[in-house]
2 protein chains.
Amino acid sequence: MTTEPEIPANRTPTLTDVAKLAGVSVATASKAINGRGEVRATTRVRVLEAAELLSFAPNALARGLLSGRTGTVGLLTSDLEGRFSIPILMGAEDAFGAGQVSVFLCDARGDAIREQHHVRALLSRRVDGLIVVGSRTDPRPPLVGNIPVPVVYVYAPSANPNDVSITVDNVGGGRLAVEHLLACGRRSIAHITGEVGFQAARDRAEGAAAALADAGLTLVGDRPYFGSWDESWGRAAAHMVVERHSDVDAIFCGSDQIARGVLDALRDLGRDVPGAISVIGFDNWEAISADSRPRLTSIDMNLKRLGAVAGQRLFEAIDGSVSRSEEFPGRLVMRESTLPLG
Amino acid sequence: MTTEPEIPANRTPTLTDVAKLAGVSVATASKAINGRGEVRATTRVRVLEAAELLSFAPNALARGLLSGRTGTVGLLTSDLEGRFSIPILMGAEDAFGAGQVSVFLCDARGDAIREQHHVRALLSRRVDGLIVVGSRTDPRPPLVGNIPVPVVYVYAPSANPNDVSITVDNVGGGRLAVEHLLACGRRSIAHITGEVGFQAARDRAEGAAAALADAGLTLVGDRPYFGSWDESWGRAAAHMVVERHSDVDAIFCGSDQIARGVLDALRDLGRDVPGAISVIGFDNWEAISADSRPRLTSIDMNLKRLGAVAGQRLFEAIDGSVSRSEEFPGRLVMRESTLPLG
DNA sequence: CTGAAAGCGCTTACAG
DNA sequence: CTGAAAGCGCTTACAG
């Protein structure tokens, strides 16, 4: 028969349990654990030992209720499946991961109703902010309703220019690709790309045309070949281009999948890549570009960095500073499908 | 100068605000909003209108503090980048999405320390349960420490057989692939696969061998060709197999990427696929299998369903029932790279 | 240096 | 049918 404080049974331990075990008040226990206020060193050690013994983990809900900050953010994506969302999401996770922030992941599946539903749930959980990840670069409608926390849009900008959007400079990316081909001594450059309905396709084509214009040149065929984003289109279009323009010495592709189709077609046609015709892709999707024959030079959109920047901007906004929208350039990743003329 | 209750300024509205605006007590407001207890119809309407007017969203933290349930779960993945985690994650999201559950996403990046850190954070946030998603099928060490909530392991089982693990039947998958080739009348079947260090590679090979044994046959070359998971290995191995065993009439590949390499090599060698040699892959990775020449027959592991089942099992466990580990079969997805002999 | 008290926003018996 | 009170687990002035 003892009156010693006992270790609680199978209940998650609370600060009260720790305080009891250490023989102090909850106020003192709180201060000791948080390193706040003046607590005698020996007392603090006693509290910390008790906490350790009980595997005490402070209840974040209670803390959040008090402080008004939960240390959580919502990540709203429209298609998890899409390969663009994932690196962005990883970048954002990186930006948060170091600190004390946890991330709620919500996939709206491209459905506005579902998105609305998720936003409501997240606000109910009192997230400190929201990141909205789009799956294509066309501007998207801003979140509806009165959102009482900061919001940062990534990849797909908000249609409202007052919102903070972190995006890729696709015009610059198209320019980068063509400037590389020009630097390789190529003059007859064709552009095979995806659906014209995509802003990304139009932007990259615009950048390509601009770079050529600066060099006093135009695209082979005098226009981009818009089609679809897949390999079959790459194969079909490559056949057409080579047949119509036998002088073509380089092809800039709007995606790595298109480029993959182009490579296959050129191989079938017996055209040497990169010697006779250099090929460059877009996306730097490892699974597609890293093991092709030859391995594919491509433009990397630095999506992970995009996500990380979005995370940082959200943090700043939560801390009360105002951010502005930003556009980031891509990066050339050289492999063996492009080569200077000998 | 009025004494009417006013709409609160720029503060997130609380139940007290709603009650004030509706002219009732917070207790009554609470009951009205939650449809609990006896509340006069007209009163409830008044409260609901007030809530609507203020865009009131109940504070989930406060609720969680009271009820002991937060309606959140933690999803612990070891590599977001990996294409296996994503469909599983989507399936889990689906399982939860319908209800009132929000998902914390944590990527441990394959680092045990980081995983430990995430677990602590999640427990601090009082998640109701955890799902642990592995990136390969080899058993993994269970979460360390005393975890006071249910845990379900997916794809990669826990090394502790008492834990609940939801996995893919890779032996069955290998069997499925070879049985399909046998059904197509093939008798000389080779198996080109990934690293022998992967349980997945060994399991699929085992299933393939078993199916052949049932038919009184053995693998061409009497053993699987283990190598790496990429296209180059597929190309190299295909050359070798065809050269050594000119009678081969089918190749079962341990991954779609390997199969892609095999297809390319056979094309270079002038072997007709599927006529002379049928090829089947594994994973059913759309980006790789859906647009190859010919399009690739493959085994789909139903990862999305795996994730959904894991979510359901976690729910059940949270509600107090005991679940058991389960293993799920794959599914044959027919395309044009396999064909019955004419 | 330590602790009693108030309060974050809500729900739930318990009286009226 | 309605409301005053207690309490979920914590932190923060404020006394001692």
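Numbered from 1 within each chain, the chains take letters A, B, ... in sequence-line order.
Taking a pair as Watson-Crick or G-U wobble with both distances under 3.5 Å, DNA chain D forms stems of 3 or more consecutive pairs at C:1-3 with D:14-16, C:5-12 with D:5-12, C:14-16 with D:1-3.
Checked for salt-bridge contact, A:Arg46 and A:Glu49 miss the test: no charged N lies under 4.0 Å from a carboxylate O.
A:Ser67 comes within contact range of no nucleotide atom at all, as no heavy-atom separation falls under 4.0 Å.
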Would you give me the side-chain donor-acceptor pairs under 3.5 Å for residues 59-69 of chain B, sequence neighbours excluded?
{"residue": "B:Asn59", "atom": "OD1", "partner": "B:Leu61", "partner atom": "N", "Å": "2.8"}
{"residue": "B:Asn59", "atom": "OD1", "partner": "B:Ala62", "partner atom": "N", "Å": "3.2"}
{"residue": "B:Arg63", "atom": "NH2", "partner": "B:Asn34", "partner atom": "OD1", "Å": "2.7"}
{"residue": "B:Ser67", "atom": "OG", "partner": "B:Arg63", "partner atom": "O", "Å": "3.2"}
{"residue": "B:Ser67", "atom": "OG", "partner": "B:Arg69", "partner atom": "N", "Å": "3.0"}
{"residue": "B:Ser67", "atom": "OG", "partner": "B:Arg69", "partner atom": "O", "Å": "3.0"}
{"residue": "B:Arg69", "atom": "NH2", "partner": "B:Ile318", "partner atom": "O", "Å": "3.4"}
{"residue": "B:Arg69", "atom": "NH2", "partner": "B:Asp319", "partner atom": "OD1", "Å": "3.3"}

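Close approach of DNA chain D to chain A, defined as any atom under 4.0 Å from a non-hydrogen atom of the protein, starts and stops at D:dG9 to D:dA13.
Taking a 6.0 Å sphere around CD of A:Glu81, one finds it holds 12 or fewer heavy atoms contributed by other residues, nucleotides or ligands.
Aromatic ring orientation, B:Phe315 versus B:Phe96: perpendicular (interplanar angle above 60°, classes split at 30° and 60°).
Donor-acceptor pairing under 3.5 Å is lacking for the side chains of A:Thr72 and A:Arg125. Side chains of B:Ser165 and B:Thr167: a donor-acceptor N/O pair is absent below 3.5 angstrom, by distance only.
Along DNA chain D, the nucleotide nearest to A:Lys31 and the one nearest to B:Gly23 differ in position, and the one closer to the 5' end is contacted by B:Gly23. Annotation: of the two residues near DNA chain C, B:Asn59 and A:Val39, the 5′-most nearest-nucleotide partner is A:Val39. When the nearest nucleotides of DNA chain D are assigned to B:Leu66 and B:Arg46 by heavy-atom distance, the more 5′-ward of the two goes with B:Arg46.
Here the options are A:Arg140, A:Arg109, A:Arg120, the test is salt bridge (charged side-chain N to carboxylate O under 4.0 Å, His left out), and the partner is A:Glu115; only A:Arg140 passes.
A donor-acceptor contact shorter than 3.5 Å links the side chain of B:Glu93 to the backbone of A:Asp107.
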